[in-house]
Amino acid sequence: MDKLAKWCIWLRRRSFFRVAQRTFAVLMPIATVGAFFQVLQYSVFAPESFIYNIFDFDKIMSDRFWDIGNNLSQCVVEVIFGLFCLFTVYFSASYTAKIYRKDATMAGISALTSLLVMICLFQLGLTGRISLLTGAIWASSTPPLPSCWVMG
C-alpha cells in the first residue's frame, strides 16, 4: 500500500499529469453539454428511439418541429465534438506554458496553428484538396456540405 501511495504521489508531480488533469477539468463541462445534446438527439429525435415510440412523437410532433430539433441537436453535437481537439490542444499547451512560466496565450495560439497546418497537410495528402471556408486548392470536385448545414 505504501508503494502505491508513493507511486501516486510521484505521478501527480509529473507535469504531463498536471496538464492532463487541468485540461480535462476545463473540458468536462463542454463535453457534458455535447453529450446531453447527443442523448437528446438519439433518445428523442431518432425514430427508432424508446422515448419517440412511447410518446408516439410521429403523431404528436409536427414534421417541422421534429426536423428543427433533430438538425439543431445534430449541429450542436458536431460543432462541440468537432472543435474538441482544438480546445484540447489550446488548453494543454496553455497549461504546459504556465507550468514552465512562459506566455500561455502564445503557446496556445502556436499549438492551434501547428495543429491546423498538420490537419490541412493531412487533408491535402488524403483527398488532394484543401477547403477552408473561402480559399481553396481544388484537385477534384467540391465536397458535399456537412449534414448539419442542410435543412431537410
Side-chain angles (χ1 to χ4, degrees), residues 3-52 63-152:
K3 286 185 180 183
L4 180 64
K6 285 182 182 180
W7 183 78
C8 287
I9 291 171
W10 176 84
L11 185 65
R12 286 186 55 90
R13 288 183 181 161
R14 302 296 123 208
S15 62
F16 173 78
F17 185 78
R18 288 188 291 173
V19 167
Q21 185 180 18
R22 290 177 185 169
T23 302
F24 288 146
V26 168
L27 294 178
M28 190 61 189
I30 298 169
T32 303
V33 169
F36 172 76
F37 276 98
Q38 194 167 25
V39 165
L40 186 69
Q41 179 186 1
Y42 290 139
S43 65
V44 175
F45 294 112
E48 65 274 354
S49 71
F50 183 67
I51 294 174
Y52 185 89
D63 287 341
R64 185 169 174 88
F65 180 75
W66 186 85
D67 286 338
I68 289 171
N70 188 28
N71 288 335
L72 179 68
S73 60
Q74 181 179 358
C75 285
V76 169
V77 167
E78 286 183 16
V79 165
I80 287 178
F81 291 136
L83 295 176
F84 207 73
C85 70
L86 298 177
F87 293 147
T88 304
V89 165
Y90 179 82
F91 287 120
S92 62
S94 175
Y95 288 130
T96 302
K98 284 180 184 177
I99 286 175
Y100 294 110
R101 294 182 181 92
K102 302 292 181 189
D103 186 17
T105 306
M106 186 57 73
I109 292 172
S110 300
L112 278 177
T113 305
S114 301
L115 178 70
L116 290 176
V117 167
M118 286 189 292
I119 288 172
C120 287
L121 291 175
F122 178 74
Q123 189 70 21
L124 179 64
L126 196 64
T127 63
R129 65 177 178 257
I130 297 176
S131 63
L132 298 174
L133 295 176
T134 55
I137 300 172
W138 302 102
S140 64
S141 65
T142 60
L145 290 174
S147 60
C148 70
W149 289 3
V150 179
M151 292 300 283

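Numbers for residues simply follow the sequence, beginning at 1.
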With sequence neighbours excluded, what pairs up with [X] under the side chain to side chain contact (heavy atoms under 4.5 Å, CB included) test?
X	value
Val26	Phe91, Tyr95
Ala25	none
Arg13	Ile9
Ser73	Phe37, Gln41, Phe45, Asn70

Interatomic spacing from [atom1] in [X] to [atom2] in [Y] - rounded to 0.5 Å:
X	Y	atom1	atom2	answer
Leu4	Leu11	CG	CG	10.5 Å
Leu27	Tyr90	CG	OH	12.5 Å
Gln38	Ser43	CD	OG	10.5 Å
Thr88	Phe84	OG1	CZ	5.0 Å

>> Applying salt bridge (Lys or Arg N to Asp or Glu O under 4.0 Å), can you list everything that pairs with Lys6, at least two apart in sequence or on another chain?
In response: Asp2
Scan the side chains in residues 28-35 for donor-acceptor partners under 3.5 Å anywhere in the protein, sequence neighbours excluded, and list what turns up.
residue: Thr32; atom: OG1; partner: Met28; partner atom: O; Å: 2.7

> Which heavy atom of Cys85 sits nearest a heavy atom of Gly82, and at what distance?
Replying inline: SG-O, 4.2 Å
> Is there side-chain contact between Gln21 and Phe17, with heavy atoms separated by less than 4.5 Å?
Replying inline: yes
> Any chance CZ of Arg14 has more than 12 other-residue heavy atoms, nucleotides or ligands included, within less than 6.0 Å?
Replying inline: yes
> Would you say Tyr42 has more than 12 foreign heavy atoms packed within less than 6.0 Å of its OH?
Replying inline: no
Name the atoms and distances for all side-chain donor-acceptor pairs under 3.5 Å in residues 103-121, with sequence neighbours left out.
residue: Ser110; atom: OG; partner: Met106; partner atom: O; Å: 2.8
residue: Thr113; atom: OG1; partner: Ile109; partner atom: O; Å: 2.8
residue: Ser114; atom: OG; partner: Ser110; partner atom: O; Å: 2.9

